[in-house]
Amino acid sequence: MTLSALLVLADGRFPAGGHAHSGGAEAAVKAGRLKDAADLESFCRGRLHTTGLTSAALAAGAAHGLDPYELDAAADARTPSAALRAASRRLGRQLMRAARAAWPSPELDALAAAFPRGAHQPVVLGTAARAAGLGPEEAAHCVAYETVGGPATAAVRLLSLDPYQATAVLARLAPEMDQVAERAAAAAGQGVDTLPAASAPLLDLTAEQHAAWPVRLFAS
C-alpha cells in the first residue's frame, strides 16, 4: 500500500467529477435546513453515518475483491432515488476515465466493459483503490472524506460560507470519518450480504425534487 496513491485518489483535484455535485447540500440550502457552519456540521454528520457508511462499505468491498457485479446490484438496491442512482453512475463513468489513466488495470477494464453506462461510483472507487495498491480501509477512508468534503465545498459556494469554518467542520468530523471507515472495512470482509444499508430518506426525497429544478448550480 502506498500512502501517496491514497492522497492522489482522495485529492479534490482528482478529475472524478465530484466538484459538480453538492451531495444534497443545494436542496438543503434552498429548504432552509442548511444556513451556517453549525447546520453544515449536522448535515455532514448525518450524511456520513448513513449514505456515507453504505457507500464506504461498497467501496471497501470492491477493494477487498468482492464480485463487482454483486456490489453494483447492492448499490442499486441501497439507492432508492432514481436521481441519485443516475448521479452515482455518472460519477462512476467520470471516475473510471480518470482511474484507468492513472492506474491501468485489467479489473478496471473489465468493469468499464461490463458497465458502459457507468458502474456505481463507490464500486468504481473501490476497484480503482485496488488497482492503486490500496486496501479496503483506505478505499473506505476516501469515501468517508468525500461524503462530507463535497457538501462542505458546495456550502462555501452556496452560502458564501467562510472556507475556514467549513474546513473546521471537516476537522471536527475526522474522528467520526475514521470510525465509519473502520466499520465499512470490517463489514466488507464478511461479504456482500453483510454490507450496511443505512439510508437517509430526506436526501432521497430532496434529490428527486432537485433533479426537477429548471435552474440549479449543482448536478445533484
Side-chain angles (χ1 to χ4, degrees), residues 1-3 5-12 14 16 18 21 23-25 40-81 84-85 87-88 91-92 95 99 119-152 168-204 207:
M1 193 271 286
T2 163
L3 288 176
L6 175 59
L7 293 174
V8 171
L9 186 57
D11 193 334
F14 192 72
H21 296 260
L40 175 63
E41 185 166 349
S42 296
F43 178 88
C44 288
R45 177 173 287 110
R47 183 170 159 77
L48 175 64
H49 289 282
T50 54
T51 58
L53 173 62
T54 300
S55 296
L58 290 164
H64 189 69
L66 299 183
D67 187 325
Y69 307 98
E70 291 186 17
L71 287 169
D72 195 80
D76 247 4
R78 287 161 171 74
T79 314
S81 164
L84 290 181
R85 288 196 300 272
S88 178
L91 284 166
L95 175 58
H120 278 287
Q121 192 264 3
V123 180
V124 178
L125 191 149
T127 307
R130 185 174 171 87
L134 302 172
E137 192 163 336
E138 288 74 39
H141 271 288
C142 283
V143 174
Y145 178 74
E146 172 186 273
T147 296
V148 296
V169 166
L170 298 181
R172 287 193 293 273
L173 289 173
E176 294 177 57
M177 289 186 240
D178 289 344
Q179 293 165 11
V180 165
E182 290 167 8
R183 286 183 61 193
Q190 300 174 51
V192 175
D193 291 341
T194 69
L195 297 181
S199 63
L202 188 56
L203 287 178
D204 295 325

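Excluded from the calculations below are hydrogen atoms, water molecules and symmetry mates; all remaining heavy atoms, backbone and side chain alike, are included.
Note that CG of Leu7 is 11.0 Å distant from CD of Glu138, once rounded to the nearest 0.5 Å. Rounding to the nearest 0.5 angstrom, the gap separating the CD atom in Glu182 from the CD atom in Glu137 is 5.5 Å. Here Arg45 contributes atom CZ and Thr50 contributes atom OG1; the two are 12.5 Å apart, rounded to the nearest 0.5 Å. The structure places CD of Gln179 at 11.5 Å from CG of Leu53, a figure rounded to the nearest 0.5 Å.
Counting heavy atoms from C-beta outward, Thr54 and Ser199 have side chains that stay 4.5 Å or more apart. In this structure, Leu195 and Leu71 have side chains that are in contact, with non-hydrogen atoms separated by less than 4.5 Å. Residues Thr79 and Ser88 are not in side-chain contact: their nearest non-hydrogen atoms beyond the backbone lie 4.5 Å or more apart. Side-chain contact between His120 and Leu58 is absent, with no heavy atoms from C-beta onward closer than 4.5 Å. Taking the side chain as every heavy atom from C-beta outward, Leu125 and Leu95 approach each other to under 4.5 Å. Under the 4.5 Å side-chain criterion, counting only non-hydrogen atoms from C-beta, Leu203 is in contact with Phe43.
Taking the salt bridge (charged side-chain N to carboxylate O under 4.0 Å, His left out) definition, one finds that Asp178 meets it with nothing, sequence neighbours left out.
Of the possible donor and acceptor atoms, one in the side chain of Arg47 sits under 3.5 Å from a partner among the backbone N and O of Thr147. Here the side chain of Arg130 pairs no donor or acceptor atom with the backbone of Gly135 at under 3.5 angstrom. Using modelled atom types, one side-chain atom of Thr194 and one backbone atom of Ala187 make a donor-acceptor pair closer than 3.5 Å. With hydrogens and angles disregarded, a donor-acceptor distance shorter than 3.5 Å links the side chain of Arg78 to the backbone of Pro196.
Nearest heavy atoms, Cys142 versus Leu6: SG-CD1, 3.4 Å. When all heavy atoms of Ala56 and Val180 are compared, the pair lying nearest together is CB-CG1, 4.5 Å. Closest of all the heavy-atom pairs between Cys44 and Leu173 is CB-CD1, 3.6 Å. The heavy-atom pair separating Ser81 from Ala207 by the smallest distance is OG-CB, 3.8 Å. Ala129 approaches Ala139 most closely through the heavy-atom pair CB-CB, 3.8 Å. The nearest pair of heavy atoms linking Leu66 to Ala188 is CD1-O, 3.6 Å.
Annotation for Arg183: atom CZ does not count as buried by contact number, only 12 or fewer foreign heavy atoms lying within 6.0 Å.
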